[in-house]
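Numbers here are sequence positions counted from 1.
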Amino acid sequence: HNSWSIPSSCPHCLHVQALLRILNCHYETRNWNDKSISPNGEMPVLVDGDTIVGGVKEIKKYLQKEANSLTPQEKAFSVLIGNILNPVLL
């Protein structure tokens, strides 16, 4: 956690963390700015065992596949989070 007592100050990271929480996934965060670990050079990066996924869109695709697809409510919440954060990202 950072000094603002929020999970992350990065909107992309917040989006992924919200999705992980919706799916009740256990996760740990690491703070680094080295994009070389990301297969596509995008941040944030999700590491799941030997699988490494970079970028919000790719992480969402991966989690949907691994979670046997999101429920309609989870999809709606993910879209809501994205809509709230997208203006911040622009």
Side-chain angles (χ1 to χ4, degrees):
H1 293 335
N2 59 34
S3 61
W4 296 340
S5 298
I6 59 174
S8 174
S9 58
C10 168
H12 296 291
C13 296
L14 289 172
H15 190 154
V16 171
Q17 289 176 4
L19 187 55
L20 289 167
R21 288 180 181 178
I22 291 168
L23 296 172
N24 291 319
C25 294
H26 171 74
Y27 69 94
E28 296 177 16
T29 60
R30 300 280 194 280
N31 293 320
W32 76 76
N33 291 320
D34 182 4
K35 293 182 180 184
S36 68
I37 192 172
S38 175
N40 59 4
E42 294 182 23
M43 299 295 266
V45 174
L46 175 79
V47 179
D48 184 18
D50 292 333
T51 303
I52 301 173
V53 185
V56 174
K57 289 181 183 178
E58 294 302 316
I59 290 172
K60 284 173 64 173
K61 286 180 194 176
Y62 175 78
L63 291 174
Q64 287 174 347
K65 185 181 79 172
E66 290 299 306
N68 295 320
S69 190
L70 298 175
T71 67
Q73 293 84 6
E74 291 167 340
K75 287 180 186 176
F77 189 74
S78 179
V79 169
L80 173 67
I81 294 297
N83 288 340
I84 290 170
L85 294 177
N86 278 340
V88 174
L89 302 176
L90 299 176

Under 3.5 Å, which donor-acceptor pairs do the side chains of residues 40-51 form with other protein atoms, sequence neighbours left out?
| from | atom 1 | to | atom 2 | distance (Å) |
| --- | --- | --- | --- | --- |
| Asn40 | OD1 | Ser38 | OG | 2.8 |
| Asn40 | OD1 | Glu42 | N | 3.1 |
| Asn40 | ND2 | Gly54 | O | 2.9 |
| Asp48 | OD2 | Tyr62 | OH | 2.5 |

Problem - Contacts of type salt bridge (Lys or Arg N to Asp or Glu O under 4.0 Å), residue Lys61, not counting sequence neighbours - result: Glu58
Completion exercise
With sequence neighbours left out, the residues meeting side chain to side chain contact (heavy atoms under 4.5 Å, CB included) with Asp34 are Trp32, Ser36
